[in-house]
Amino acid sequence: MRAPGWPGLIRQYGKYLPVTDKTPVVTLLEGGTPLIPAPKLSKWAGGGVKLYLKYEGLNPTGSFKDRGMTMAISKAKEEGAQAVVCASTGNTAASAAAYAARAGIPCIILIPKGAVALGKLAQGLMHGAKVLQVLGNFDDALTVVRDLGRSYRITIVNSINPYRIEGQKTGAFEICDVLGKAPAFQAMPVGNAGNITAYWKGYREYLSAGKIKKTPVMLGFQAAGSAPIVHGKPVADPHTIATAIKIGNPASWKSAVAARDQSGGLIRAVTDDEILAAYRALSSLEGVFCEPASAAGVAGVRALARKGYFRACKDRTIACILTGHGLKDPSAAISQFGRIHSVPPTPAAVAKALGLKGR
Ligand code: F0G
């Protein structure tokens with residue numbers, strides 16, 4: 001969908017965004033990501049669903065965060081910010097670091113020690129951010145960032161910054177622009193809960209603008225070891241292989257619940273095994289490599305299909321938001337699925353290892 005000459009999402013969707021002619025647009029030409037039909041994965045999920053994959057891993061830093069960050073950093077620059085700061089499970093950090101570099105604004109990143117995928121860490125460092133590991137989890141890091149924002153002249157670029165939500169809502173616009181209507185359902189992972197908030201805002205705004213006639217049912221999924229919204233209370237020590245959504249006390253909790261309830265949707269938990277199965281199916285059946293957290297939406301759809309959730313629905317079109325690229329977290333792929341055999345460098349040995357038969 002990223003047409004030749006795609007101008008980045010602020011210029012594409014400026015009339016829906018809080019920008020003026022005076023806003024210095026800091027862009028890496030993010031957005032315009034493809035909505036890929038996934039027929040084999042749809043069969044795998046079952047229930048007669050028709051899945052589309054919004055491949056957000058194709059944004060400039062490899063995740064949907066770039067949509068929010070082009071807005072947050074452009075506005076920070078407009079307001080003369082001296083530095084920006086975020087807590088992050090990795091992707092926000094990578095994106096903030098890249099856009100801040102482009103804007104010429106210093107960037108400070110707080111990450112939970114030992115819980116950030118390698119690719120994301122490399123990005124933050126390469127873009128020249130000041131990276132600190134907090135001896136605690138994401139929730140601890142975000143608490144520190146909120147305090148710093150109150151006490152020092154630095155701008156917070158986590159999704160508690162409303163410009164982040166504004167930018168991220170454009171994902172919903174793009175899906176509707178491609179389909180010519182809203183999908184019947186949208187499935188996505190939920191971590192700090194900014195993105196489900198943003199997509200729901202986007203769909204409602206497109207409805208008000210007369211661009212769509214109906215909004216989708218929102219289906220959010222948390223990892224079972226890290227599912228505060230599902231259980232209705234914070235999780236003190238969250239755990240999951242999907243480190244991007246290892247969050248025990250989401251900042252946008254209330255607005256996520258509102259998106260769920262207003263859309264007639266749900267927020268449920270999926271196990272790490274279900275996430276890994278979807279992660280593998282996406283890569284091996286459709287050639288679409290996303291990071292583990294991103295597969296939670298597809299895992300959730302499959303679990304719902306098995307319970308007959310879609311049985312009564314005529315329209316089973318589902319947009320699954322694949323929030324981050326698989327290359328962000330190579331260790332997850334290799335540790336789970338990377339058994340490689342070693343062979344001597346001879347045709348006979350290779351043929352034997354592969355079980356090839358002679359002509
Ligand atoms: N998927 C990926 C790949 C993410 O990086 C995140 C969040 C989510 C899903 C969940 O989105 O927080 O808006 O509900 N990552 C944040 C970060 C927390 O710091 O990069 P959410």
Side-chain angles (χ1 to χ4, degrees), residues 54-59 61-69 72 85-98 109-112 115-117 119-121 123-124 129 131 134 137-142 145 156-161 164-165 167-169 171 186-202 218 220-223 226-229 238 240-257 259-260 267 270 275 278-279 282 289-300 320-329 332:
K54 182 68 171 157
Y55 198 14
E56 288 290 277
L58 295 189
N59 275 299
T61 77
S63 86
F64 72 97
K65 305 288 182 179
D66 296 342
R67 293 183 185 277
M69 215 51 80
V85 64
C86 67
S88 181
T89 57
N91 281 324
T92 298
S95 186
I109 287 168
L110 266 56
I111 54 172
V116 170
K120 305 175 187 181
L121 194 56
Q123 287 177 293
V131 182
V134 172
N137 60 29
F138 169 84
D139 304 290
D140 299 324
L142 185 58
V145 162
I156 299 174
V157 293
N158 280 102
S159 56
I160 53 176
N161 178 328
R164 282 277 313 278
I165 304 296
Q168 285 170 214
K169 76 185 179 189
Q186 177 179 302
M188 67 197 308
V190 175
N192 212 25
N195 212 27
I196 190 169
T197 303
Y199 268 88
W200 182 237
K201 186 166 198 284
M218 303 292 282
F221 298 96
Q222 301 195 293
S226 176
I229 299 178
T240 168
I241 186 164
T243 52
I245 53 171
K246 195 172 150 194
I247 293 175
N249 192 10
S252 299
W253 188 317
K254 279 196 189 132
S255 48
V257 167
R260 178 193 72 190
I267 297 179
V270 283
I275 289 174
Y279 173 59
L282 276 153
F289 191 23
C290 65
E291 64 173 286
S294 304
V298 173
C320 300
I321 314 302
L322 301 188
T323 45
H325 202 288
L327 293 174
K328 290 271 193 177
D329 193 357

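Just follow the structure's listing: the first ligand is 1, and inside any ligand the first atom is 1.
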Protein heavy atom at shortest distance from atom 12 (O) of ligand 1: N192 N, 2.7 Å
Point-to-point distance, once rounded to the nearest 0.5 Å, from CG of N91 to CD of E291: 5.0 Å
Between S63 and T323, a side-chain donor and acceptor under 3.5 Å: no
Rounded distance [0.5 Å steps], CZ in F64 versus CD1 in I321: 10.0 Å
Taking atom 13 (O) of ligand 1 as the reference point, the nearest protein heavy atom with its distance: N195 N, 2.8 Å
Sidechain-backbone polar pair: D329 side chain, A117 backbone, donor-acceptor under 3.5 Å: no
Nearest-0.5 Å distance that lies between atom CD1 in I109 and atom CD in Q123: 9.5 Å
Derivation and outcome, side chain to side chain contact (heavy atoms under 4.5 Å, CB included), residues I275 and V270: CA-CA 7 Å; I275 289 174; V270 283; 3.7 Å; yes
Flag, side chain of S226 to backbone of I245, donor-acceptor distance under 3.5 Å: yes
Atoms of ligand 1, numbered as shown, that sit under 4.0 Å from any heavy atom of T89: 15 (N), 16 (C), 17 (C), 18 (C), 19 (O), 20 (O)
Protein contact to atom 4 (C) of ligand 1 [nearest heavy atom, distance to 0.1 Å]: A244 CB, 3.5 Å
Protein contact of atom 2 (C) of ligand 1 - nearest heavy atom, named by residue and atom, plus distance: T323 OG1, 3.3 Å
Atoms of ligand 1, numbered as shown, that sit under 4.0 Å from any heavy atom of I245: 8 (C), 9 (C), 10 (C)
Atoms in ligand 1 flagged as close to E291, the criterion being non-hydrogen separation under 4.0 Å: 3 (C)
Numbering as shown, the atoms of ligand 1 that approach G194 to under 4.0 Å (heavy-atom distance): 13 (O), 14 (O), 21 (P)
Test of proximity, G324 against ligand 1: N or O pairs below 3.5 Å: no
Nearest neighbour in protein (non-hydrogen) for atom 20 (O) of ligand 1: T92 N, 2.8 Å
S88 N/O to ligand 1 N/O under 3.5 Å: yes
Nearest non-hydrogen protein atom, atom 11 (O) of ligand 1: F64 CZ, 3.5 Å
Donor-acceptor contact present, side-chain N137 to main-chain D139, <3.5 Å: yes
Identity of the nearest option to atom 3 (C) of ligand 1, non-hydrogen atoms only, from L142, N91, I247: N91
Min heavy-atom dist N158 to ligand 1 below 4.0 Å: no
Enumerated ligand 1 atoms positioned under 4.0 Å from heavy atoms of V190: 14 (O)
Distance from atom 7 (C) of ligand 1 to nearest protein heavy atom, with residue and atom: K65 NZ, 3.0 Å
A193 heavy atom under 4.0 Å from ligand 1: yes
Test item, S63 contacting ligand 1 (heavy atom, 4.0 angstrom): no
Residues in side chain to side chain donor-acceptor pair (under 3.5 Å) contact with N59, at least two apart in sequence or another chain: E56
Donor-acceptor contact present, side-chain Y279 to main-chain A293, <3.5 Å: no
